[in-house]
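Everything below concerns the one structure shown next.
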Amino acid sequence: MLTNRRKDAWIAAVLVAPFLAIYLLVFVYPTIQMVMTSFTDAPLIGDGAFVGTENYERLPSDPRFRTAAWNTAYFVALTVIPGTIVALAIALGVSRLAGRMQAAILALFFLPYILPVSVVYLIWDWVLNFQFGILMHLFDLLGIDRVPITKSRDWFMPAVAVVTIWWTSGFSILLFLAGLRSIPPEIYEAAELDNAGRWTTFRRITWPLLWPVTSLVFTISLISQLKIFDQVYLFSQGGRPNDNLVLVYYIFQRAFQQNQSGRAAAVAVVLFILVIVVSVLQFQLLRLAGGRK
Amino acid sequence: QETVVWWDFLGGGDGARMKQLIDRFNQEHQGEITIDATTLEWGMPFYTRVQTAAAVGEAADVIMYHASRIPLAVEQGILQPLTAEDWQAMGLGQDDYAPATWDAVTVEDQQYAVPFDTHPIVLYFNKDILEAAGVLDENGLPMGMDSREGFTETLRALKEHGVRFPLGSVTADGNFMFRTIYSLMGQQDGELMTDGEFLAGDNGEKLENALSVLAEWTDEGLQSTYTDYPATVALFTSGEAAMMINGVWEVPTMTDLSAQGQLFEWGAVELPVIFDHPSTYADSHAFAIPANRGREMAPEKRAAVLEVISWMANNSLFWATAGHIPAYESVTASAEYQAMEPNATYSSLTQNMIFDPRSPLAGISGPIFDVMSTYFVPTLNGEMEPAEAVEMIRDELNAL
Amino acid sequence: MSAQTLGRMNLGAGIISVLTLLAALIWAFPLYWGVISSLKPETEVVRPFIELWPDNLTFEHYIHALTATQIGRWYVNSIAVAVGVTVITIISSMLCGYALSQLRFPGRKLLWWLILASFMVPTQALIINHFVLVADLGLLNTWAGIMLPQLIHPVIIIVYKQFFDQVPQDFREAAVMDNAGEFRILFKVYLPMNWGVTTALSIVCFIWTWNAFLWPFLSVTRTEMMTITVGITQVSDAFGVYYARELAAAVLAGLPVALAYLIFQRKVTEAITLSAGIKG
Amino acid sequence: MGAITLDRVSKRFGQVEVIRELSLDIGAGEFVVFLGPSGSGKTTLLRMIAGLESIDAGTLTIDGQRSEKLAPGQRNLAMVFQNYALYPHMTVAQNMGFGLRNIGLPASTIEARVREAARMLEMERLLDRRPAALSGGQRQRVAIGRAIVKEPKAFLFDEPLSNLDAALRVRTRVELAELHQRLGATMIYVTHDQTEAMTLADRIVILNNCRIEQVGSPMEVYARPASRFVASFIGSPAMNFLPVTREGEGLKLPGGGALSLPGAPSGSGPWELGIRPEELRVAPSGPLRGSATVIERLGDRTLLHVRLADGTQVVAQDSGKSGVKVGDTVTLAFETAEAHLFDATGRAVPLMDMAA
Amino acid sequence: MGAITLDRVSKRFGQVEVIRELSLDIGAGEFVVFLGPSGSGKTTLLRMIAGLESIDAGTLTIDGQRSEKLAPGQRNLAMVFQNYALYPHMTVAQNMGFGLRNIGLPASTIEARVREAARMLEMERLLDRRPAALSGGQRQRVAIGRAIVKEPKAFLFDEPLSNLDAALRVRTRVELAELHQRLGATMIYVTHDQTEAMTLADRIVILNNCRIEQVGSPMEVYARPASRFVASFIGSPAMNFLPVTREGEGLKLPGGGALSLPGAPSGSGPWELGIRPEELRVAPSGPLRGSATVIERLGDRTLLHVRLADGTQVVAQDSGKSGVKVGDTVTLAFETAEAHLFDATGRAVPLMDMAA
Ligand SMILES: Nc1ncnc2c1ncn2[C@@H]1O[C@H](COP(=O)(O)OP(=O)(O)OP(=O)(O)O)[C@@H](O)[C@H]1O
Ligand SMILES: Nc1ncnc2c1ncn2[C@@H]1O[C@H](COP(=O)(O)OP(=O)(O)OP(=O)(O)O)[C@@H](O)[C@H]1O
Ligand SMILES: [Mg+2]
Ligand SMILES: [Mg+2]
């Protein structure tokens, strides 16, 4: 196309400017600041003295940091793979339905995803309430002992994980459904004519063709669960042993409760790098795994 | 016309009383001063918010503060000291307060807040049930209030009588249980901090004793487990729990329900003596003026704030209907106050009150409080051995 | 494979459908339970039975939440912030996406990579410096302050770029032959050609912002400036110790987005799939 | 092998009955083409035979076996889909072997059959490729290969050429015809392209509105269309239709001309007279007269678009060297034997062909 | 109005020079078709004229004005795109008026011109519809209408019919021809369909590999192709090519036959002899002999695929009623005057047409 490069560049500059300004202010600048803060002993507001890499050196021997890292990993393990499986199963079920029925059922599964986390918390806190929660009434009916689900140490993280899966699956379900819909129906008809049974069809047709979506869902949930904070924070109201301590929570405590931004920033940098490394790595891994199939 | 922005954390029945007080103040000061009040989530959320807000100059003009937390606040530079002129302007002074109360707001000879009340915890009981179970004595008080064995017997009797929870405890909330446990430590003269060391000597054992009693009750099914604050109140008021350990601030809830005819006969007494002698943990609500970073307070505003505090002190008799014990002695000395029920029933405990250690590490949601309450929930609900909990607590406290 | 008739296959499919339906009902039950509980009188809420329908339906908790608390004010805050973020994000992303898609300019590749890379970055790690930044700008406790760090959604740019990429080049050329300049092409041809994309992106952007918790929770220290998602869990005078009131507030907080979703269901699903299509 | 009989089969989608009591016999080894416009039910019929759509009433017999209740896989038919429906994640060999694996044939048999089919279709080099790495024509061949290895009772094709470009379509058409001659298998082929139908079919089944309009060999349907629909659908450029009424012993033509036709059918019409363009020639005298509006030179022949006096447009075919120019007045003649007459309902009316 | 001259224009994409010193004169009011296979540069050339691609060297003159540096909007040409590029959010009227609004014409003028164009194209009823509510043919007309209202110096079409189905394509082709007659405007039309080119063009420009192979009227390129490429590209079914060598005074044909040809060109070949299928007829005796492998009956004519003794395949055209069956041995004859001879480079070699 006949274009005038200089004029294009000017127009582009005007078009890109608003975003770029926000991007620099809200993203690039704070990132640089974060790294710089992590080398100081700054409080939340105000400057601190340069302390070199001290904040980083303390991390390996900081039991709370270790707990936070461990709990984060635990939470990721509890949510990512189970969440992916749950979403896939639901999507497979929903994809068999048609028309309005499908839309309605999908809406039921998806609705939690669009709710604010605080609403999710209030609802589940009520459902799981040890005295009045409906789940406990159900346990009573079934003759199971009541379990103080969000209050006990063993159940806390799994409970938050279940709520998280319930809350976020809608998104993965949609992606899986889109993936399933993009498999042409003729492929299934061809398989039917090829005498493939239900299981063969799933294993040899659906699963391999869905692999790109599966790995996408996996990646997205891995990245987002590494950044877990909201649910854990809300469910820990009332004080908890360290079983609630995840990385972002730890950053929050150090910076906002203990007024130690320097130390918090060091953890933030670690988290920052962790998320990037993990997402890049696993994206590559999944691609390899998919490619070999 | 001044607007005084006010933050507190009064959520329950006392919150409603405070609203009435504020409304009255606003009415009496129409055209001069308006209080613009909000109530934030109690505990860590409240203090985190105050702390960050003050750091960026966004805190309220006057805030309610736990006296126990004042040393920490002073260290963080969150509060403005009250000058002699301030006291004068308010018409209040050292003489108006009990020495312990005065000390609680003083750090290095400098006052940082105006005490408003002291608020211990008490034992609420359901007279109807206790009577039916035969554990109500001739004075209409629960039996077995003088020993561990005695009180446990009372609980067992209630259990046998078919009561679901003889004792309602806020076992799901370590923050709350700090009060009960600290009280029980006090009954053994236990101390948290001695010469900068935590749980030194036999103090650890005393903490363990305190935890054991409660854990034992849980084991025997005498106490509600994993119960959060509203559930505890609901269990008691619905008759599922025969007794309840809770703050005096729940008194208005009971009186209100009684007034509506929706409640049984009830009473409140000082905590039972489980160990050596009576002792009850108490803290004090006080009014403080935040040191808003980078924001100078105008003299007019300060005058208005002082007027608010002073007015509140002078009208704290009404606050007593919220269960609390007013800090202003001319109020507690009044005949009206002396006649109030059920306050009179537990007024004896004022002599047995103990406060937090005076340290920046102490106080509601302070580091000590935080560490300890963290381990209470698993211990009180049978997930963790008291000895183990004491061990963890000692380690973590000493790492602070 | 064993003998299998059409009829038996249909039966199998039917069982799966019924199971799916059951699963959906169980899945959505907590929502139902939350709503129903908020419609019961407080005394009924704590009754130790499963009661799927209230004996006495009451709206008292809603009335309380709406009249006796600041929830109205939080609504205004939430709406202002969500609308503000949506408008600014959509406009800036649209312009940027258009430039990336249709214009050749120095630094285009670099910018594109930056945007793609910022996907992976956890904004949660930046909370400290966002707080400092917003405090320095004096924007804490203002709508602008709540909005500022939320103004970046690289996904939206990417979706826009892809959308513009997909518009057949012919339209652009037809417009050029028709003497239209760059801005006319964008605003008169490309955008109106498919408002659907903009609507869908606006709706999800609105929902995301409405639902945001961490940043509004940190950046607002005054109750009257809170968004509703933060307010209902951070301010206690609102509800006291009443379960049903809390649930009523929760329902009120979730209602706008839930309604938005139910009305624009197709758009929302479209936008979600759009926004994910690129990450793979 | 592979005779297929449909006996009064019906099909409904929800409330709508789409196919109603349709019967059809297909002989073993026959190449039958379903031809019809879009929405005429060709695909539906084919899928009913394949088992991909259920048959609501009536019977389907394949090779003497009642089959309407059998699962698709059990009917032992092979289908080639319009977009081929190759499994994108499998190699060509895996694609072809998938159906055989599912019925548990030993690997060596599968291998042998796949090789054999690949040899026959000259695509041995492609066996290890994925479909994405194939051209349209190659994919088409893989799809046919996948059908061949199953050694099915019949092959079903649903517009298998419609995704190919024009040149390839012609080439593949010829290959398909040769394949049919070689295999001698029953083939059912769906298309809406009349050239494909004419060139491939042993018999053409012409569908319209989900009903059979005519069944017959290509020349039959071309030369003796049973209805106006068949006549208009077959042949390119399409047959001209002229509204006619009786006049005395003959027919009155539009634009004033008349056709003496001693043995014209009884009744007074109105009818439509159908004449194919290739039967309309420029002649010194004739019953039709009009002016040429557009001249299309195709090289070997020339199409004359002629507007008759009353405005009716007709197309006539002239030789490649035609001298007619736009605006010229031309007279057109035709053999009455080659004309067709249709009544108001579109049914063909026999014209006495001894006349004229 | 609207003479267009390209003088030694060149175009490169990155490193690749695509068009090299190409010259072409298009007269005012002429209908010129660019014909060629995919990738032959038709679109590129058209877009260079339109201004959508820059011209790297050479000059473009439109109506006597040097235009290669003008912006597309300033050349006052109108283009009809392959998929019409109608703005989906505007009504038909808005679509047509958009270009006029952009140059700031008063609303009344726009309105008038749009009405006039709509009247001419018989789509006044459609003016308030959106493109989505139009059929393919109607969209096509709107696209043309959008071009007409601009009163351009020339119309440029890039395969405007390729998205229409076969029947509609034929109809629209005729409409386009009529429109050209009515407007008398210069039109440049790109297609790879030889039928379209033959039927529409005043002159055809045949492109291959981005070079001009031949420019001429339809009958010229059909009857006297300048190269083997042109010969093979024009005519359907395609011309048969037979490798021949000199033998005495004549030519030796594949399969053993010989062609006596007194005035055959000098040199010994090898050449290729080109004969169109329609010139090859079944005859009692003739120079070619082979067996029929596939018979394609098209109704009015029949295509015979014949394999000669040496394996060469040729296609011959017989009448619709041909009695030849697969496997029959047929003898084919042709008029030498209709045969073409091409040398090894593909250039046409004149055959003495007094011979034979
Ligand atoms: N799944 C379905 N639900 C409802 N109606 C259908 C369905 N499939 C086909 N039909 C209807 O059945 C009729 C026949 O459709 P079919 O697909 O068999 O036509 P076709 O001849 O194959 O057309 P095409 O040439 O467009 O492929 C049409 O009227 C169509 O609308
Ligand atoms: N933007 C471009 N960049 C590089 N090469 C191009 C570009 N556009 C076209 N070409 C090359 O120029 C040559 C001519 O392409 P053009 O599109 O003009 O062919 P065409 O005759 O229109 O083909 P078709 O019939 O497929 O439309 C081709 O070899 C093509 O690969
Ligand atoms: Mg079909
Ligand atoms: Mg092209």
Side-chain angles (χ1 to χ4, degrees), chain C residues 90-91 93-95 97-99 101-109 112 156 159-203 264 266-267 270-271 274, chain E residues 14 43-44 46-54 70-91 94-105 110 130-132 139 142-147 149-150 152-160 162-163:
Chain C
I90 292 290
I91 291 179
S93 304
M94 172 209 306
L95 297 178
Y98 181 81
S101 162
Q102 300 292 321
L103 302 175
R104 299 289 167 271
F105 56 92
R108 176 172 167 273
K109 277 251 169 61
W112 179 234
I156 294 183
V159 174
Y160 262 121
K161 176 183 181 295
Q162 294 199 328
F163 162 61
F164 290 132
D165 281 350
Q166 277 162 13
V167 175
Q169 197 67 13
D170 288 5
F171 286 105
R172 182 182 178 73
E173 296 181 342
V176 166
M177 297 283 292
D178 273 349
N179 274 305
E182 213 60 67
F183 286 90
R184 265 186 97 75
I185 295 179
L186 171 57
F187 288 107
K188 291 280 175 189
V189 179
Y190 274 42
L191 273 189
M193 236 163 79
N194 196 343
W195 280 119
V197 173
T198 301
T199 326
L201 289 176
S202 304
I203 294 167
F264 299 106
R266 291 250 310 281
K267 288 272 158 232
E270 177 194 331
L274 273 181
Chain E
T43 299
T44 305
L46 192 75
R47 289 162 56 84
M48 284 163 74
I49 297 173
L52 295 171
E53 300 285 359
S54 61
L70 291 184
Q74 294 169 329
R75 300 188 187 188
N76 205 1
L77 305 173
M79 184 147 169
V80 174
F81 293 84
Q82 181 166 0
N83 50 17
Y84 318 139
L86 298 180
Y87 310 121
H89 56 292
M90 301 186 193
T91 63
Q94 287 168 337
N95 258 289
M96 290 166 66
F98 185 66
L100 304 181
R101 285 229 303 277
N102 287 338
I103 54 173
L105 287 193
I110 298 178
R130 295 272 166 86
R139 285 181 209 178
V142 175
I144 293 175
R146 190 166 64 174
V149 293
K150 292 172 75 183
K153 291 181 185 154
F155 291 81
L156 312 178
F157 297 88
D158 192 354
E159 314 212 11
S162 60
N163 282 342

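This structure is a prediction, so every number in the text was calculated from the model and none was measured. We use all heavy atoms of the structure for the numbers below, so side chains are in, but hydrogens, waters and symmetry mates are not. Lettering of chains follows the sequences in order, A, B, ..., and the numbering in each one begins at 1.
- A heavy-atom distance below 4.5 Å is not found between the side chains of H89(E) and W195(C).
- When every heavy atom of D170(C) is checked against every heavy atom of Q82(E), the shortest pair comes out as OD2-N, 4.4 Å.
- Only the backbone of L86(E) comes within less than 4.5 Å of a heavy atom in chain C; its side chain stays farther off.
- Here D178(C) does not pair with R101(E) in a salt bridge; the nearest charged N to carboxylate O distance is not below 4.0 Å.
- Looking only at side-chain heavy atoms (C-beta outward), Q169(C) and F81(E) stay at 4.5 Å or farther from each other.
- With a threshold of 4.5 angstrom between heavy atoms, A78(E) approaches chain C through N, CA, C or O but not through any side-chain atom.
- Side chains of M177(C) and L52(E) form a contact here, defined as non-hydrogen atoms less than 4.5 Å apart.
- Contact annotation for N83(E): both backbone and side-chain heavy atoms come within less than 4.5 Å of a heavy atom of chain C.
- No other option in G99(E), A143(E), A50(E) has as many heavy-atom pairs under 4.5 Å with chain C as G99(E).
- K267(C) NZ: more than 12 foreign heavy atoms inside a 6.0 Å radius.
- Summarising the geometry, atom CE belonging to M90(E) is positioned 10.0 Å from atom CE belonging to M193(C); distances are rounded to the nearest 0.5 Å.
- A pairwise comparison of heavy atoms in Y87(E) and A174(C) identifies OH-C, 3.5 Å as the closest pair.
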